[in-house]
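Remarks on the structure that follows.
Residue numbers run from 1 in the order of the sequence given.
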Amino acid sequence: MHALYRNHMGNDLEVVNDAKISFASASTAESWDFVEVPNPDEGYGTSLVQVPKLKPADERLIQFLARGCRSGQWEDLIKSALDEWISHNQADALLKYVKKMPTHWTPFGHQVIKLKMKAPVPIRTQCFKHKIGLVENEESRRYISSTPELFIPEFRSAPEGDIKQGSGGIHPDNELWKSHYELQCNRAIAMYEEMIAAGIAPEQARFVLPQGVLVNWVWTGSLYAFAEFYNKRSDRGHAQGEIADLADQINPIMEVLFPVSWKALTQ
């Protein structure tokens, strides 16, 4: 699996100025630095980009946009939760208030990032459930007949109790089941290639392929949309391990491109 940087539009300063357009004003950077974006998609230009260093006031503006309140208000909420004994009803009211904080997401929606992704079919499907602010173009085996690449996982134990999703630690017979998995999947891939060689239509031959084959796609979306994806799918207490691994590959790319905004949206 991988998440590779292809290109992007925007930066932290653009977030600030897209918000300040409401007041017909704009800000400037204190300085500009050249930084190298990790995980570049080879052959699609340089991974060296310019990133602005913001003024402290502009950093605070981004935090306000992401939180929906000023830093002083945020600190007051923390203080009220720590310093006072609060009842169940007060705690419930506080959590509801935080949930309904009116975040100002549109300035983050104008910043766009394009990635080249690769993941097994079920993980790709989970990624595609994130629709708002994201668009994808995927390779199609209706038109290609190359040998599919197989993803080989480390098998985990089923979750305990009546939990319907998730997993435990590495299964005690992980290596045994990996060998069975590879054998079964490689048989299916070999049959796929036999069907192609026999003249079966590729759009039908692909039906025999296992769920574990890797799929490539181009994924373009707003900074806000990728932050929503990351916040949900990097949560290893609820997200599948493989998609959490994929989300963790997106994180360092965004940290370099949008250091202030990404931190405000994800921490």
- Could you tell me whether Glu138 atom CD has more than 12 heavy atoms of other residues or ligands within 6.0 Å of it? yes
- Taking atom OH of Tyr44 as the centre, does the number of heavy atoms from other residues, nucleotides or ligands within less than 6.0 Å exceed 12? no
With no hydrogens and no angle check, is any side-chain donor or acceptor of [X] less than 3.5 Å from a backbone partner on [Y]?
X: Arg141; Y: Gln204; result: no
X: Asp58; Y: Leu54; result: no
X: Thr103; Y: Trp105; result: no
X: Arg206; Y: Glu203; result: yes
X: Asn231; Y: Ala227; result: yes

- When the ring centroid of Trp219 is compared with that of Phe229, is the distance short of 6.0 Å?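 Between Trp219 and Phe229, the centre distance is under 6.0 Å.
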- Query: Can the ring centroids of Phe226 and His130 be said to lie less than 6.0 angstrom from one another?
  - Reply: no
So do [Y] and [X] actually touch side chain to side chain, heavy atoms under 4.5 Å?
X: Phe151; Y: Lys118; answer: no
X: Pro56; Y: Glu30; answer: yes
X: Gln240; Y: Arg233; answer: no
X: Val51; Y: Trp32; answer: no
X: His2; Y: Lys116; answer: yes

- Task: Tell me, with the steps shown, if Val49 and Leu257 meet side-chain contact (heavy atoms from CB on, under 4.5 Å).
- Result: CA-CA 8 Å; Val49 300; Leu257 296 175; 3.9 Å; yes
- Query: Can Leu176 and His171 be said to form a side-chain contact (heavy atoms from CB on, under 4.5 Å), step by step?
  - Reply: CA-CA 10 Å; Leu176 173 64; His171 193 280; over 6 Å; no
- Candidate pair Asn251 and Trp262, rule side-chain contact (heavy atoms from CB on, under 4.5 Å), full reasoning: CA-CA 9 Å; Asn251 182 51; Trp262 188 251; 2.7 Å; yes
Taking all heavy atoms of [X] and all of [Y], pick out the closest pair and write down the distance.
X: Ala225; Y: Ile132; answer: CB-O, 3.5 Å
X: Ile144; Y: Pro202; answer: O-CB, 4.4 Å
X: Asn39; Y: Gln249; answer: ND2-O, 3.7 Å
X: Leu65; Y: Ala19; answer: CD1-CB, 3.8 Å
X: Gly212; Y: Pro120; answer: O-CB, 4.0 Å
X: Ala3; Y: Ile250; answer: CB-CG1, 3.7 Å

Please determine, by modelled atom types, if [X] and [Y] share a side-chain donor-acceptor pair under 3.5 angstrom.
X: Asp235; Y: His238; value: yes
X: Asp12; Y: Ser261; value: yes
X: Glu14; Y: Gln111; value: no

Hphob cluster co-occupancy, [X] + [Y], side-chain heavy atoms under 4.5 angstrom:
X: Trp217; Y: Ile253; result: yes
X: Leu214; Y: Met117; result: yes
X: Leu115; Y: Leu4; result: no
X: Ile113; Y: Val218; result: no
X: Val35; Y: Leu223; result: yes

- Query: Transitive ILVMFWY cluster of Val215 at side-chain heavy atoms under 4.5 Å: who else is in it?
  - Reply: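 ILVMFWY cluster around Val215 also holds Val121, Leu150, Ile152, Phe155, Trp177, Tyr181, Ile189, Met191, Tyr192, Met195, Ile196, Ile200, Val208, Leu209, Val213.
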Rounded at 0.5 Å granularity, tell me how far [atom1] in [X] sits from [atom2] in [Y].
X: Gln211; Y: Arg124; atom1: CD; atom2: CZ; value: 8.5 Å
X: Ser222; Y: Glu228; atom1: OG; atom2: CD; value: 9.0 Å
X: Ile243; Y: Ser234; atom1: CD1; atom2: OG; value: 10.5 Å
X: Lys114; Y: Asn137; atom1: NZ; atom2: CG; value: 9.0 Å
X: Asp18; Y: His110; atom1: CG; atom2: NE2; value: 5.0 Å
X: Glu154; Y: Glu175; atom1: CD; atom2: CD; value: 6.0 Å

Using a strict 4.0 Å threshold on nitrogen-to-oxygen distance, state whether [X] and [Y] make a salt bridge.
X: Lys131; Y: Glu136; value: yes
X: Arg236; Y: Asp248; value: yes
X: Lys263; Y: Glu255; value: no
X: Lys178; Y: Asp173; value: no

- Verdict with supporting geometry, Tyr5 and Val256, side-chain contact (heavy atoms from CB on, under 4.5 Å): CA-CA 11 Å; Tyr5 166 76; Val256 168; over 6 Å; no
- Name all residues meeting the salt bridge (Lys or Arg N to Asp or Glu O under 4.0 Å) criterion together with Glu139; count only those two or more places apart in sequence or in a different chain, and write none if there are none.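 Partners of Glu139 under the salt bridge (Lys or Arg N to Asp or Glu O under 4.0 Å) test: none.
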- Query: So which pairs with a foot in residues 41-55 pass salt bridge (charged side-chain N to carboxylate O under 4.0 Å, His left out), sequence neighbours left out?
  - Reply: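 Those involving residues 41-55 are Arg6-Asp41.
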